[in-house]
Amino acid sequence: MHSLTRLLTIIAANYPNATKTQLDEIERVYNFAEQAHQGQIRASGGDYIQHPLGTAEILAESKLPLPIVMAGLLHDVPEETKYTLDDIKKEFGADIAGMVEGITKVGHVKYRGVDRYVENLRKMFVAMADDIRVIIIKFADRLDNLQTLFALPANKQKRIALETLEIYTPIANRLGMGDLQGRLEDAAFKYANPEEYQWVDQLFKQRAPKKEKILDKMIELAQKTLAKEDIKILKIFGRRKKYYSLYRKLLKYDKNIGQIYDLIAARIIVDDIPTCYAAMGIIHAIWKPVRSRIKDYIAQQKPNGYQSLHTTIFGEDGEIIEFQIRTTEMDEQAELGIASHWQYKEKLPTSDKKVSWVEDLAKWMKNQQDKNFLEKIKIDIFQNRIFVFTPNGDVIDLPDGATPIDFAYHIHTGLGDQCGQALINNEIATLNCKLKNGDIVKIILDKNRKGPSAKWLDFVKTSTARHHILNYTKKTGWKKFLPLSK
Ligand code: MN
């Protein structure tokens, strides 16, 4: 059961700097929402207010700024009660009302044939582009709904669960919100693939207890040894792999759980980067590391910003165990992602509410009539990303397989339209070659070029480049020269 008391307890634990005024405001928002939803009952049986409360609790567990928690409490008011957005604006101000408006605009995403689905998806991205906080409230809303999914008919359960795994969690991943991503995935997995869920559950329960027992002993030894070597540890604990993540990994490794070394892992949190490496050295002195299983995501972070040291060691009793070593900031970045930068900020700067790739995508989607649109955006968001550099050292984030033309359009339309040659790491490269992580790319303009070539459509990867090339070809009437497919 959710309650105001429980919400305030979570806030007390997670917001050490919250003031009395802020806590009073939470209570005032709660009273308003409670009164607005008075008499409404959920499909699962409880009072309706349980749902906004559950949503707000998830947001507070993720340590999101309190105005987001308040918007979570109010998120269903305009749609489900007699109170309007104007009422919310009058009572609680434009910022909170703006977030609630965004959520109301996104609406309740429903699959009703592909078109409805695409339409809702488009709305979601447009709302996200205006204010990324909206999608985060949507995640919490969805997670709470998944937790009461048992009350709905089976076909609805499956639809909502699949949609969560296809749309919501890849976006959470892109925003680096590992904790919410994992919770959404596991809540949805149960309904989306019930048999596979049971299978993973059984495998986990066969193996995990023994590993956990051994890990507890190993953590004790690690703690003692690190202290003896004067290495300051902030936290050390065991963590269980989430089921959906385990499931995906099992599929990758021929369903062989013996190949999965991070079923249970030890996590060590320290103050700074030198201490991360020092701690890893000590761990390797206690237990032998497994060859080529040392991963330095501090020197080379993952595309979504994840940083950590991972090492797999031969532990006690022949158990192979992974250690993950990182600083507090890295840990918060991994769990909270984009939101980790918002902690303890009273007001977010506008720039924090916008994410450039989401904005680009939303702009492109606004004018999108294409039926294959879903496939195309999957390429943009859901694929792996690479990082390449401009000659000045600016980092450019592109989808895997992007070419110099994609790079050029990403920087500036003019640079794409007049792209003559590309230098990759100082060597001339073809315009259709695939860029690799870490490449330094320089575009040389061809002043005589009038515009993009229709041939580029055969290999460009990003929707931005495709959009600009098509636009140009439309304007200049080149369309008749285009291949009929596509
Ligand atoms: Mn809701």
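Note that ligands are numbered from 1 as they come in the structure, with each ligand's atoms numbered from 1 the same way.
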Check: Thr311/Arg293 side-chain N/O donor and acceptor closer than 3.5 Å: no
Candidate list Val77, Ile137, Leu74, test side-chain contact (heavy atoms from CB on, under 4.5 Å), partner Val100, passing option: Leu74
Closest approach to the Mn ion (ligand 1) by Asp76, given as the N, O or S atom name: OD2
Atom name in Asp141, limited to N/O/S, at shortest distance from the Mn ion (ligand 1): OD1
Over 12 non-hydrogen atoms of neighbours within 6.0 angstrom of NZ in Lys89: no
Residue Asp144, metal the Mn ion (ligand 1), N/O/S under 2.8 Å: no
Contacts of Asp186 that satisfy salt bridge (Lys or Arg N to Asp or Glu O under 4.0 Å) - sequence neighbours left out: none
Opening angle between NE2 in His51 and NE2 in His75, taken at the Mn ion (ligand 1), to 10 degrees: 90°
